[in-house]
Every structure is written in structure tokens, then in C-alpha cells.
Amino acid sequence: MDQQKPDLEQLNTDLQAAIDVAAGLDALDAVRVHALGKNGVVTGLLKTLGKMSPEERQVEGPKINGLRAEIAAAIESRKSALEADLLAARLSSETLDLSLPPKEMPKGSIHPVSQVMDELAEIFADLGFAVATGPEIEDDWHNFTALNIPETHPARAMHDTFYFGEEQQRDGQPMMLRTHTSPVQIRTMTSEKPPIRIIAPGRTYRSDSDATHTPMFHQVEGLVIDRDIHMGHLKWTLETFVKAFFERDDIVLRFRPSYFPFTEPSAEVDVGYSLKDGKRIIGGDPTKEDGGWMEILGSGMVNRRVIEACDLDPDEWQGFAFGCGIDRLAMLKYGMDDLRAFFDGDLRWIRHYGFSVLDVPTLSAGVGA
Ligand code: 2NL
């Protein structure tokens with residue numbers, strides 16, 4: 001071996017050994033600096049290439065560069081191994097017991113509208129209904145046409161519907177904020193095969209504002225499409241729902257003939273109330289003195305024109321549907337009297353009427369507080 005020439009093989013062996021024994025990332029980095037740093041031994045060898053004759057460089061260049069590449073690769077692979085060891089050690093030492101109660105009670109609270117939506121989802125899940133959602137900005141077909149609401153229907157008039165400008169039209173159709181959650185059910189009927197059992201809760205919009213109406217409000221609609229569905233199914237479903245929601249068995253419903261373009265026949269549903277401590281409460285005997293009826297739902301058998309609009313055969317598939325205001329349900333159940341306070345964002349109000357984030361509605365523990 002030529003004495004002038006450094007022993008590259010020995011250097012390689014030594015550096016590889018140092019890399020292998022480096023016990024941590026810091027030790028490994030020290031080896032890297034020692035070999036490949038600005039003043040490192042391998043860097044030093046690379047610098048000697050410039051002083052060599054072209055012939056010598058042709059022989060030594062590949063050797064020195066090969067050494068540099070081998071050492072760099074060895075450092076990288078040792079680094080990955082050390083990092084993997086570190087992660088494995090962390091994973092085995094850090095544990096999180098998710099069953100422990102929080103150290104501090106959460107500061108926020110659940111809005112009554114959200115609470116009621118959770119209750120509705122829970123009650124209807126037990127009856128086999130899934131929750132469906134859809135866009136709040138809708139086109140004319142999904143919000144009106146498919147629902148058998150003709151061009152001349154008053155619900156389409158400018159004073160009820162928030163329309164977008166002409167430049168926002170989709171395929172020549174006017175766009176609007178949905179006026180009910182029915183378009184969600186239309187979207188489900190056109191995208192899924194029956195049988196269908198869904199509820200569609202969500203925000204709806206109408207250009208209407210007074211003590212009992214806000215421009216944005218919440219609605220839940222329900223839809224069942226199957227074979228041989230009749231009014232009996234509708235009646236049982238609504239009775240079961242209202243009893244579970246108000247958590248009373250002595251609830252009576254009254255079905256009054258009515259009209260909606262999307263159902264035929266249609267019925268408005270009243271719930272019996274009675275007077276207790278000077279306050280109207282849902283349930284009890286509505287025929288007793290101070291008792292009475294309160295309208296809470298609209299419903300009916302899905303109009304065959306709606307079923308046809310969704311490309312289903314109305315002789316094979318029938319269904320029932322219903323709709324009701326969630327804000328009003330919340331007021332009735334939890335005793336709030338001012339609708340507008342719902343959307344004021346007043347912290348004192350939400351602290352008073354809000355629900356604990358830990359108070360999740362379940363059928364075993366009771367859906368309401
Ligand atoms: C009310 C009345 C109702 C429906 C909504 C509906 C939806 C489809 C087909 C047929 Cl896709 N009907 N929804 C049916 C009857 C009444 O709501 O007074 N809501 C507050």
C-alpha cells in the first residue's frame with residue numbers, strides 16, 4: 001500500500017463502525033460532521049482531487065466520491081433506524097386514557113336547536129331513519145318544480161324566497177336559499193333506490209321577519225318511500241316520535257285535512273296540551289277546561305307527481321312525508337318564549353338555556369334534559 005495515499009478502505013470501515021455505534025441522533029450527527037462536514041475527513045479527501053493530475057484524478061475521483069456516497073447513505077439509514085426507535089419508545093411510554101373525566105368542565109354549551117336536532121336523530125334512528133343533508137343554496141327544480149309547486153304558486157313569490165341574481169343561474173335556472181329541507185329528500189330520491197327512510201334536518205330561509213318568524217329557521221322533514229305505504233304508517237310514526245320527543249305517553253294527536261302541493265292527501269297535525277301551574281304543557285287531556293290543540297306538524301302521502309318527478313314508478317312506490325319547525329319544537333319542549341333570542345348570540349341566554357356538551361341524548365337515558 002502506497003504510504004502517501006490514505007487507506008480509503010480502512011477509513012470506510014472506521015466510519016461505518018462509528019455510524020453503527022452512534023447511540024443517538026446527536027452522536028450520529030457528530031460522526032456526520034467528522035466525515036462530511038466542512039472540515040470533515042471525507043471532505044478533506046475530496047479537496048485533494050483538485051491537486052491531482054488528470055490521470056490520477058480519473059482513478060481516485062470515483063473512489064473518493066464512492067466513499068462519500070456510501071458514508072452519506074449509511075448515515076441516512078442509521079438516522080431512519082434511530083428515529084424509528086425513538087418513535088417506538090414514545091408510543092410505548094406515552095399513553096392516553098380516554099375514559100378519564102375532563103380535569104375542567106368544558107366552557108361552551110350546546111344550543112337548544114342543536115340539542116333538539118340530536119334528539120330527533122336519536123329518536124328516528126331507533127325507527128330506522130337515516131339523517132340526510134344537502135346544500136342550503138338550491139336550484140329551482142329541487143326546491144320547487146320537483147315538489148309539484150307550479151310557477152304561479154305563492155311560495156315562489158319574491159317576498160318569500162331569497163333569490164340569487166340572474167348572473168348566478170345554474171343551467172338557466174334561478175338559484176335561491178332553500179325555503180324548506182324538501183330538496184334534500186328530492187336529492188335522496190333521485191340518487192338512491194327505495195326503500196328510503198330519512199329525516200332531513202337543517203337551516204331554511206324565508207324572507208319573513210316578525211315576533212314568530214326569523215329569516216333563517218330550522219326545519220326537519222321526514223320521508224319514507226317503500227311498497228304499500230299508507231296513512232296508518234304515517235300516523236304511527238308521528239305518534240311514536242312525538243311521545244318520545246316530549247317524553248310522555250299521554251300525548252294525543254289530531255289529524256286535520258289540509259293541502260300541500262307535494263302531498264295528497266295532506267294533513268296538519270295538532271298535539272293536545274293541558275294547563276299545569278298556569279302554563280301550557282304538551283300532553284294531558286286537551287278536551288278538559290284550559291286544554292286545547294296546538295299545530296306542530298304538516299304531513300301527508302307523497303304526491304305521485306313528486307314520485308314521478310324523481311323517476312320512480314308511483315304505482316310501485318308510495319310514501320309519506322312530514323315537516324316541522326325545529327325552533328318551535330325547542331321552544332315547546334324547553335320553555336323558551338322568544339324565538340328571536342335563539343339567534344342573537346347572547347352568552348347569557350345560551351348559558352341559561354344551553355345544554356352540557358356531556359349531556360348526549362340517548363334513548364336509554366332519556367333524550368331530553
Ligand atoms: C310544514 C309542512 C311538509 C313535506 C313537508 C315533503 C317532502 C317531499 C315530498 C313530499 Cl320530498 N313532502 N315534505 C310534506 C308535508 C308537509 O311540511 O308545515 N312544514 C313546516
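Note that ligands are numbered from 1 as they come in the structure, with each ligand's atoms numbered from 1 the same way.
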For [atom], the protein heavy atom that lies nearest, with its residue and separation:
atom                     : answer
atom 3 (C) of ligand 1   : Gly323 N, 3.5 Å
atom 11 (Cl) of ligand 1 : Gln185 CB, 3.5 Å
atom 12 (N) of ligand 1  : Ala321 CB, 3.2 Å

Going by the angle between their ring planes, with limits at 30° and 60°, are Trp349 and Tyr353 parallel, tilted or perpendicular?
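Rings of Trp349 and Tyr353: tilted, 30 to 60°.
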Run down the list Phe217, Phe320, Phe262 and name the one with the heavy atom closest to atom 5 (C) of ligand 1.
Phe262
When you check the gap from the basic side-chain N to the acidic O, do [X] and [Y] get nearer than 4.0 Å?
X      : Y      : value
Glu264 : Arg305 : no
Arg206 : Asp160 : no
Glu138 : Arg187 : yes

State if Leu147 counts as touching ligand 1 under the rule of any non-hydrogen atom under 4.0 Å.
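Yes, that is the case, since the closest heavy atom of the residue is under 4.0 Å from the ligand.
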Close approach, Met189 and ligand 1, non-hydrogen under 4.0 angstrom:
yes
Out of Glu136, Glu221, Arg178, which residue meets the side chain to side chain contact (heavy atoms under 4.5 Å, CB included) rule with Pro183?
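Of the listed residues Glu136, Glu221, Arg178, the side chain to side chain contact (heavy atoms under 4.5 Å, CB included) partner of Pro183 is Arg178.
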Ser266 and ligand 1 - part of the residue with a heavy-atom distance under 4.0 Å
neither
Would you mind listing which atoms of ligand 1 come within a distance below 4.0 Å of any non-hydrogen atom of [X]?
X      : answer
Gln219 : 19 (N), 20 (C)
Glu221 : 4 (C), 5 (C), 6 (C), 7 (C), 13 (N)
Phe260 : 2 (C), 15 (C), 16 (C)

Do Thr237 and Thr240 have side chains that approach each other closer than 4.5 Å (heavy atoms only, starting at C-beta)?
no
Under 4.5 Å between any side-chain heavy atoms of Phe246 and Lys333, yes or no?
yes
Centre-to-centre under 6.0 Å for Tyr163 and Tyr205, is that the case here?
no
Ligand 1 and Thr263, any nitrogen or oxygen pair closer than 3.5 angstrom?
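So ligand 1 has no N or O lying under 3.5 Å from an N or O of Thr263.
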